[in-house]
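Counting convention: from 1, in listed order, for ligands and their atoms alike. Here the structure is a predicted model, which is why all the values come from computation and not from measurement.
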Amino acid sequence: MDQVVQIREKIDIVSFISEFIPLKKAGHNFKANCPFHGEKTPSFVVSPERQIWHCFGCGKGGDVYTFLMEYERLEFPEALRTLAKRTGVELINRERNSGLATQKERLYQINSLTKEYYHYVLLNHPAGKRALDYLKNRGISQKIIETFMLGFAPTRNALTKYLLSKKKFAREDLVASGVAFQRGSDIVDFFRGRLIFPLIDHRDNVVGFAGRILDNNETTSKYINTRETLIYHKGEQFYGLNITKDAIRRENQAIIVEGEFDAISCFENGIANIVAIKGTALTEAQVNLLGRFAQKITFCFDGDKAGQEAIKRSLAVVEKKGLTPTVIEIPVTEDAAVEAFMSFKMTKQVIHNFMISAFFR
Ligand code: ZN
């Protein structure tokens with residue numbers, strides 16, 4: 001209980017809520033249109049003195065925890081973990097030890113250990129050597145590998161064995177997390193022989209993984225993703241946002257590319273306000289999420305028909321939410337590139353960096 005109070009006292013509720021919705025000073029308090037019910041005159045009030053919020057329209061209210069739980073639809077343990085991270089308070093892991101963790105929490109733990117495991121194999125185990133060479137050949141540096149926690153899933157059933165016998169997780173939780181699946185009476189690793197991109201949400205929860213084959217000639221799908229689980233919903237995620245959200249906020253612009261490698265190469269080339277979409281067109285949930293960090297949403301998709309169709313459908317969603325969409329076409333020549341980027345009023349540095357990455361593809 002002490003930790004809950006300790007964390008709450010470290011956060012000023014006015015600046016905290018301001019990160020989600022714009023607050024206006026009104027006497028001693030701050031006001032806003034309530035984010036939890038539709039309204040045109042503000043009845044959502046935040047009190048800096050009492051460090052609470054209350055809506056006189058829908059009756060909801062509480063402290064920083066309840067705000068975050070309502071706004072992000074979190075359970076209490078997730079909200080606690082998020083705010084602990086933010087305030088630098090080291091949580092004593094009581095849920096896990098007392099066996100009271102919700103299944104959601106257990107899935108986060110499984111995914112987090114899986115991320116560490118694959119990362120370790122990539123960097124330190126002979127099984128990861130080929131994947132490591134592959135990344136180096138694509139110009140991905142050690143620093144980027146570490147920043148994005150890239151990994152390698154070995155071919156044998158090593159992860160499942162590790163999580164069952166060393167970490168004592170239950171089989172049904174491994175299957176529920178999507179890192180393993182049932183085959184006959186056994187459970188086996190879902191990702192085998194693939195380069196791994198952990199999908200981490202903006203609150204630093206590992207929600208799933210994308211796995212890419214190393215050899216394009218293989219007959220299996222180039223990419224596979226964690227299926228929809230209790231904690232992974234494809235239409236609500238962006239790849240990279242956990243790393244790039246500060247840059248996106250700073251630039252007030254998010255550049256959206258299609259694939260994991262596109263995002264990583266742009267980042268490597270100095271474009272930090274970048275995310276990759278998981279899926280084809282933007283969903284409302286995704287636009288709401290990005291809208292919390294930036295006003296400008298810029299698409300940089302492939303020139304093929306599928307890419308252009310996806311942009312078309314996404315533009316409508318972005319405009320509906322009152323954000324400003326722009327589109328960058330992947331330039332074919334250097335002159336075309338300069339012209340394309342100038343027309344979007346990007347800074348020279350951004351243009352320069354972007355050209356490097358565009359030609360890198
Ligand atoms: Zn309300």
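Note: Phe191 and Phe209 have perpendicular aromatic rings, judged against thresholds of 30 and 60 degrees for the angle between ring planes.
Cation-pi geometry between Lys25 and Phe30 is satisfied (NZ or CZ under 6.0 Å from the ring centre, within 45° of the ring normal).
His233 places no side-chain N or O within 3.5 Å of a backbone atom of Gly235 that could act as its donor or acceptor partner.
The side-chain hydrogen bond (donor to acceptor under 3.5 Å, both in side chains) search around Arg227 returns none, not counting sequence neighbours.
Of all protein atoms, those that are N, O or S and lie under 2.8 Å from the Zn ion (ligand 1) total 4.
Tyr120 and Met149 fall into different hydrophobic clusters, where Ile, Leu, Val, Met, Phe, Trp and Tyr are joined by side-chain heavy atoms under 4.5 Å apart, directly or via other members.
Using modelled atom types and a 3.5 Å distance limit, the side chains of Thr114 and Asn111 yield no donor-acceptor pair.
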